[in-house]
**Q** 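Input: one structure, supplied below.
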Amino acid sequence: MKVLANDGISKAGELALQEAGIEILDNRVAQDHVINFINENNVDVLLVRSATKVKQDIIDACPGLKIIGRGGIGMDNIDVEYAKSKGIQVINTPNASSKSVAELVFGHFFSLARFLHESNRLMPLEGETHFNAMKKSFSNAYELSGKTLGVIGFGSIGQEVVKMGIALGMKVSVLTRKVKTKTLTLDFFDGQSVHFEVTSTTDSDEFLSNADFISINTPQTNEYIIDTAQFEKMKDGVYIVNTARGGVINEVTLIDYIESGKVAGAALDVFEREPNPEVLLLMNPSLSLSPHVGGNTVDAQEKIGVELAEQIIKLQKEIIK
């Protein structure tokens, strides 16, 4: 079996595949040349992340493909159902990067609540001349402990965000379309574990009016989850972080509500016009920004590579049978 890891794979994942006798091609093939490369090199497995799109054209033109793998959770860059209809196995790694994304959520929350995003911009420019003025302007900060954390979405990332919020002493509320109950386990360094049963709500009005910090952790949607109607129901001074997908929050409306003071600050790791975010977003001092790096930690990449390798090895055995 031959694997093309077109958007890369961790060394641990590569070694696992090689030890199973699977050839790994760690090439980076441009989107326009993927079809030719797959066919010319008799590729059986195509692994991608978010960069490479595997749509109907590739699926139709590459009859030798047996497996398409996505390193991560979201599958919006793959025509999943069409691939399955052609007998191609489609795999992903829904849990491998959850902790990394959740940690980024709180990195942004801490940055916003303590003005770190803005002070890191200004200290190199004005730290020597306006130190006391900045100290005063950045002193109106907040602790997360005791505040209400609202999480939209209760998948693997949403669950990790809730767990981290609980660990920080936050009250937690989860919004989903259908009521879900999950038992979440917090594991500690000394071997102790504490279990929390969390039930989501479908009452968006109550959810939005009570949350001090809101984290969006949903799959891609066809319409905005957060727009004017939702902003109007939020508590004044709310903080919002989007590490889900561009297009789940109306970015233009977000700027309006930041300027009105309704939203105290917001963070975006994903953008509607990615990879070319609007300049108005990039220049806004009330926004904490990152370039879609939620799952991009060494730890997550190792887990993703190993998880993909394990699934491919298992499927190879089934295909051979």
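Values in this document were obtained by computation on a predicted structure and should not be read as measured data.
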**Q** Using a 6.0 Å cut-off, check whether atom NZ of Lys171 has over 12 heavy atoms from anything other than its own residue.
**A** no
**Q** Salt bridge check, Arg121 against Glu118: does any charged N sit closer than 4.0 Å to a carboxylate O?
**A** no
**Q** With a 3.5 Å distance limit and no angle check, can you tell me whether Asn6 reaches the backbone of Val48 through a side-chain donor-acceptor pair?
**A** no
**Q** Scan side-chain atoms only and decide if Tyr224 and Glu272 contain a donor-acceptor pair under the 3.5 Å cut-off.
**A** yes
**Q** Checking Asn242 side chain against Ala244 main chain: does a donor-acceptor pair fall under 3.5 Å?
**A** yes
**Q** Examine distances only and state if a side-chain atom of Lys2 and a backbone atom of Asn41 form a donor-acceptor pair shorter than 3.5 Å.
**A** yes
**Q** Hydrogens and angles aside, do Thr201 and Asp203 bring a side-chain donor and acceptor to less than 3.5 Å of each other?
**A** no
**Q** Roughly how far apart are Met123 CE and Leu116 CG, rounded to 0.5 Å?
**A** 11.5 Å
**Q** Please say whether more than 12 non-hydrogen atoms of neighbouring residues, nucleotides or ligands are located less than 6.0 Å from CZ in Arg28.
**A** yes
**Q** Please report the interatomic distance CG(Leu315) to CG(Asp44), rounded to the nearest 0.5 Å.
**A** 12.0 Å
**Q** Indicate yes or no: at least one non-hydrogen side-chain atom of Ile214 is less than 4.5 angstrom from one of Leu208.
**A** yes
**Q** Going by atom types only, do Asn210 and Thr148 share a side-chain donor-acceptor pair under 3.5 Å?
**A** no
**Q** Can you confirm whether Val101 sits close enough to Asp269 that some side-chain heavy atom of one is under 4.5 Å from a side-chain heavy atom of the other?
**A** no
**Q** Testing Val45, Ile312, Leu15, Leu17 one by one against Ile24 for a side-chain contact (heavy atoms from CB on, under 4.5 Å), which residue passes?
**A** Leu17
**Q** According to side-chain hydrogen bond (donor to acceptor under 3.5 Å, both in side chains), who are the partners of Ser193, at least two apart in sequence or on a separate chain?
**A** Asp187
**Q** Does any N or O in the side chain of Asn92 come within less than 3.5 Å of the main-chain N or O of Ile73, such that one atom is a donor and the other an acceptor?
**A** yes
**Q** Does Gln31 have more than 12 heavy atoms from other residues, nucleotides or ligands lying within 6.0 Å of its CD?
**A** yes
**Q** Are the side chain of Thr218 and the backbone of Gly153 linked by a donor-acceptor contact shorter than 3.5 Å?
**A** no
**Q** Please check if any side-chain donor atom of Thr183 sits under 3.5 Å from a side-chain acceptor atom of His195, or the reverse.
**A** no
**Q** Please check if atom OH in Tyr142 has more than 12 non-hydrogen atoms from other residues, nucleotides or ligands closer than 6.0 Å.
**A** no
**Q** Counting only N and O atoms by type, is there a donor-acceptor contact under 3.5 Å from the side chain of Gln301 to the main-chain atoms of Gly295?
**A** yes
**Q** Can you tell me if NZ on Lys99 sees more than 12 non-hydrogen neighbours from other groups inside 6.0 Å?
**A** no
**Q** May I ask you to test the Phe231-Ile240 pair for a side-chain heavy-atom distance under 4.5 Å?
**A** yes
**Q** Hey, does the side chain of Asn250 reach the backbone of Thr253 with a donor-acceptor pair shorter than 3.5 angstrom?
**A** yes
